[in-house]
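The next block holds one structure in the form of structure tokens; read it before the comments.
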Amino acid sequence: MLVRDLEGTLLAGRIVETEAYLQDDPASHSFRGRTARNAAMFGPAGRAYVYFTYGNHFCLNMVTGPEGRGEAVLIRALEPLAGLDVMSRLRGRSAPRDLLSGPGKICQALAITRELDGHPLDRPPLRLLMDGWDPGEIVSTVRVGIRQGADRPWRFYPSRCRQWVSRP
DNA sequence: GGAACGATTGAT
DNA sequence: TCAATCGTTCCT
């Protein structure tokens, strides 16, 4: 689960769609080496990598590789669990399926910006928590919105959670 | 200093 | 299917 502490309110969602980005991966921001933008990707695992794209949106990753490696997992969709009223206000939309079904939507609904780039995800105001939830069968497909490395099947989601994932 | 592009989204 | 929008990267 991803839990956001926002001005005394708890916003939470279950991670139901991810994409992997490795260093030896032409689709990855880390492919051409370390820059000011992607520095967090090369830091220790367990931290956030937040970037700004298309002039409008932020996207959240969890850094996964050892220090110096440049690997991360993009969080593409969450099933809303708590704080749906605040998420709706931040999104300007109320349909639960339209609150967190995309990487840009997640950051808008949870008020995640570059201020959280590099934030360790084991503490407020943004935490990754484990519960006993069993995702069941995991489906893998090619990644969304990329050209280089488009053949690698590194997008993942539980088949039972298809209703919460981003549009195909 | 400048141009091209993008791990997207919402409207058409 | 298409435009919006601007930070980042790469080239001159």
Side-chain angles (χ1 to χ4, degrees), chain A residues 2 4 11 13-66 68-80 83-119 121 126 128 135 138-158 161-168:
Chain A
L2 193 64
R4 174 78 161 110
L11 312 179
R14 174 169 289 134
I15 297 171
V16 293
E17 182 187 352
T18 60
E19 284 179 357
Y21 288 87
L22 307 190
Q23 173 134 32
D24 180 23
D25 172 3
S28 175
H29 290 172
S30 61
F31 183 63
R32 297 174 190 284
R34 179 178 180 139
T35 66
R37 176 178 69 158
N38 67 22
M41 280 188 87
F42 291 85
R47 295 188 179 177
Y49 165 47
V50 182
Y51 67 91
F52 182 71
T53 192
Y54 287 106
N56 296 299
H57 310 286
F58 294 95
C59 294
L60 170 68
N61 296 251
M62 304 184 308
V63 177
T64 50
R69 176 78 73 77
E71 294 181 1
V73 169
L74 173 69
I75 310 301
R76 288 196 58 89
L78 276 59
E79 172 189 348
L84 278 70
D85 52 340
V86 173
M87 295 181 193
S88 297
R89 178 166 53 76
L90 290 171
R91 285 275 299 134
R93 290 161 190 282
S94 56
R97 279 169 301 182
D98 200 24
L99 293 179
L100 302 166
S101 54
K105 297 178 184 180
I106 290 173
C107 289
Q108 186 178 25
L110 302 183
I112 294 170
T113 69
R114 285 278 290 180
E115 292 181 5
L116 287 171
D117 184 50
H119 173 74
L121 292 168
L126 185 61
L128 180 67
I138 304 288
V139 177
S140 76
T141 76
V142 295
R143 294 171 291 183
V144 177
I146 58 172
R147 301 172 63 92
Q148 304 293 324
D151 57 316
R152 307 185 188 198
W154 292 344
R155 170 177 178 249
F156 307 95
Y157 63 88
C161 296
R162 193 169 284 114
Q163 63 172 314
W164 299 112
V165 308
S166 60
R167 70 181 177 187

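Within every chain, numbering begins at 1; the chains are lettered A, B, ... in the order of the sequence lines, protein sequences first and strands thereafter.
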Calculate the interatomic distance between [X] atom [atom1] and [N] atom [atom2]; express it in whole Å.
X: R37(A); N: dG7(C); atom1: CZ; atom2: P; value: 13 Å
X: Q108(A); N: dG10(B); atom1: CD; atom2: C1'; value: 11 Å
X: F58(A); N: dC6(C); atom1: CZ; atom2: C1'; value: 11 Å
X: H29(A); N: dT8(B); atom1: NE2; atom2: C1'; value: 12 Å
X: R152(A); N: dA7(B); atom1: CZ; atom2: C1'; value: 14 Å
X: Y51(A); N: dT8(C); atom1: OH; atom2: P; value: 13 Å
X: R32(A); N: dC10(C); atom1: CZ; atom2: P; value: 6 Å
X: N61(A); N: dG6(B); atom1: CG; atom2: C1'; value: 14 Å

Are there more than 12 heavy atoms of other residues, nucleotides or ligands under 6.0 Å from atom CG of D24(A)?
no

How close do R91(A) and D98(A) get, heavy atom to heavy atom, and via which atoms?
NH2-O, 2.9 Å

Please tell me which of the listed nucleotides, [options], lies nearest to the side chain of [X]?
X: P103(A); options: dG10(B), dC10(C), dT8(B); value: dT8(B)
X: N56(A); options: dA4(C), dT8(C), dA7(B); value: dA4(C)
X: R93(A); options: dA4(C), dT8(C), dG10(B); value: dG10(B)
X: F52(A); options: dC6(C), dT9(C), dA7(B); value: dC6(C)
X: H57(A); options: dT8(B), dT9(C), dA7(B); value: dT8(B)

CG on N61(A) to CG on D117(A), rounded to 0.5 Å:
9.5 Å

Could you tell me the separation between the CG atom of L74(A) and the CZ atom of R76(A), rounded to the nearest 0.5 Å?
6.0 Å

Remember a base hit wins even if backbone is also touched, and classify [X] as base, sugar-phosphate or nothing at under 4.0 Å, heavy atoms.
X: L74(A); value: base
X: R91(A); value: sugar-phosphate
X: R143(A); value: nothing
X: R147(A); value: sugar-phosphate

With both distances kept under 3.5 Å, what pairs with dT1(C), Watson-Crick or G-U wobble?
dA11(B)

Taking only side-chain N and O atoms of T35(A), does any of them lie within less than 4.0 angstrom of OP1 or OP2 on dT9(C)?
yes

Think R167(A) has a side-chain N or O under 4.0 angstrom from the OP1 or OP2 of dG10(B)?
no

Using 30° and 60° as the class limits, which term best fits the ring planes of Y49(A) and H29(A): parallel, tilted or perpendicular?
perpendicular

Looking at dG7(C), does its base get a donor-acceptor pair with the side chain of R114(A) below 3.5 Å?
no

Report yes or no: is there a donor-acceptor pair, N or O only, under 3.5 Å between the side chain of Y54(A) and the base of dA4(C)?
no

Which of K105(A), R155(A), R143(A) passes salt bridge (charged side-chain N to carboxylate O under 4.0 Å, His left out) with E17(A)? It is R155(A)

Where each residue is assigned the nucleotide of DNA chain C containing its nearest heavy atom, which of A36(A) and T53(A) is assigned the position nearer the 5′ end?
T53(A)

